[in-house]
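The next block holds one structure in the form of structure tokens; read it before the comments.
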Amino acid sequence: KAGVTQTPRYLIKTRGQQVTLSCSPISGHRSVSWYQQTPGQGLQFLFEYFSETQRNKGNFPGRFSGRQFSNSRSEMNVSTLELGDSALYLCASSGGLVQETQYFGPGTRLLVL
Amino acid sequence: GENVEQHPSTLSVQEGDSAVIKCTYSDSASNYFPWYKQELGKRPQLIIDIRSNVGEKKDQRIAVTLNKTAKHFSLHITETQPEDSAVYFCAASWANQAGTALIFGKGTTLSVSS
């Protein structure tokens, strides 16, 4: 099976712009979770989508949003970018049960100038 | 909400030594504890996980122990090799949630010198 893929891999934006990142899960997986990774804060949970519905949400401002399509592909959007949004954004897919392994994508590295 | 503390933040060992990384979690309802290894520039990869009905699990040179009473779990790597050098993250399932959210520790950078 093909692994989790993310596009684009690298992105440079300026403050105030918005950005959309995409994640394609492993075939058959219905759950996609998003995480933000920074040197100072480590891996922080953003939100999870399962069967096109947001099932969980972490402690991030409303500028961070997401959605999931019927084929389980997911997108996350960040509006009004801030310098502090510079990070590696990782998505992970699983079948959707609590104790199932989550498989990570390679990430999208976002730099906000 | 759940909080996961991980120690140490850096660990340097000689090849062949053992390495131990410890994590504590706050929510007693958490029941799934995976460990991920992330090499420089790569994605996190699951190396081992443990569920709350098990106290210990081994996979070759890697073992994880779980103490639910004390709310802590540990990763043990024996006979370390240079290729074990990476950042290791522990995580706990976010309890009382319907989904698969994981709360991660801040990571341990393991350096194995030959």
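Quick caveat: nothing in here was measured; it's all calculated off a predicted structure. Side chains included, hydrogens not; waters and symmetry mates left out as well; all remaining heavy atoms used.
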A:Q37 vs B:F89, test: side chain to side chain contact (heavy atoms under 4.5 Å, CB included). Steps then yes/no.
CA-CA 12 Å; A:Q37 185 173 26; B:F89 293 95; 3.4 Å; yes
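Linking ILVMFWY side-chain heavy atoms closer than 4.5 Å, directly or via other members, places A:V112 and A:F60 in a single hydrophobic cluster. Following chains of ILVMFWY side-chain contacts shorter than 4.5 Å, one cannot reach B:L66 starting from B:V20, and the two form parts of different hydrophobic clusters. Hydrophobic clustering places A:Y35 together with B:I103 (ILVMFWY residues linked when any side-chain heavy atoms are closer than 4.5 Å, directly or through intermediates). Neither A:F50 nor A:L90 shares a network with the other; the hydrophobic side chains, linked directly or stepwise wherever heavy atoms of I, L, V, M, F, W or Y lie under 4.5 Å apart, form separate groups for each. Transitive grouping of hydrophobic side chains (ILVMFWY, heavy atoms separated by less than 4.5 Å) keeps B:V87 and B:L40 in distinct clusters.
Between B:D49 atom CG and A:T101 atom OG1 the span is 5.0 Å, to the nearest 0.5 Å. Rounding to the nearest 0.5 angstrom, the gap separating the CG atom in B:L102 from the CZ atom in A:F45 is 8.5 Å. Distance check: A:Y49 OH to B:T100 OG1 gives 13.0 Å after rounding to the nearest 0.5 Å. Distance OH/A:Y103 to OH/B:Y36: 8.5 Å, rounded to 0.5 Å.
Side-chain atoms of A:Q41 and B:F104, non-hydrogen and from C-beta on, never get closer than 4.5 Å to each other.
A:E100 touches chain B through its backbone: at least one of N, CA, C or O sits under 4.5 Å from a heavy atom, while the side chain does not. Contact annotation for A:Q102: both backbone and side-chain heavy atoms come within less than 4.5 Å of a heavy atom of chain B. For chain A, the nearby parts of B:P44 are the backbone and the side chain; heavy atoms of each come within less than 4.5 Å. For chain A, no part of B:Q6 is nearby; none of its heavy atoms comes within less than 4.5 Å. Only the side chain of A:S31 comes within less than 4.5 Å of a heavy atom in chain B; its backbone stays farther off. There is no contact between A:F47 and chain B, counting heavy-atom distances below 4.5 Å. Both the backbone and the side chain of A:L43 have a heavy atom closer than 4.5 Å to some heavy atom of chain B. Only the side chain of B:L46 comes within contact range of chain A, judged by heavy atoms closer than 4.5 Å. With a 4.5 angstrom heavy-atom cutoff, A:L46 does not touch chain B via any of its atoms.
Atom CG of A:N59 is surrounded by 12 or fewer heavy atoms from other residues, nucleotides or ligands within 6.0 Å. Under a cut-off of 6.0 angstrom, the local environment of CZ in A:R15 is sparse, with at most 12 non-hydrogen atoms contributed by other residues, nucleotides or ligands. The environment of B:E83 atom CD is dense: over 12 non-hydrogen atoms of other residues, nucleotides or ligands sit within 6.0 angstrom. The number of heavy-atom neighbours closer than 6.0 Å to CD of B:Q81, taken from other residues, nucleotides and ligands shown, is above 12. Remark: B:K57 NZ is packed, more than 12 non-hydrogen atoms of other residues, nucleotides or ligands lying under 6.0 Å away. Annotation: A:R109, atom CZ; neighbour count of heavy atoms from other residues, nucleotides and ligands within 6.0 Å does not exceed 12.
The residue among A:G105, A:G40, A:S94 with the most heavy atom pairs within less than 4.5 Å of chain B is A:G105. Of the residues considered (A:G42, A:G58, A:P106, A:S33), A:P106 shows the highest number of contacts with chain B, using heavy-atom pairs under 4.5 Å.
In summary, the side chains of B:S93 and A:Q99 do not present any donor paired with an acceptor at a separation below 3.5 Å, with no hydrogens or angles considered.
In this structure, the side chain of B:R43 does not engage the main chain of A:A92 through any donor-acceptor pair within 3.5 Å.
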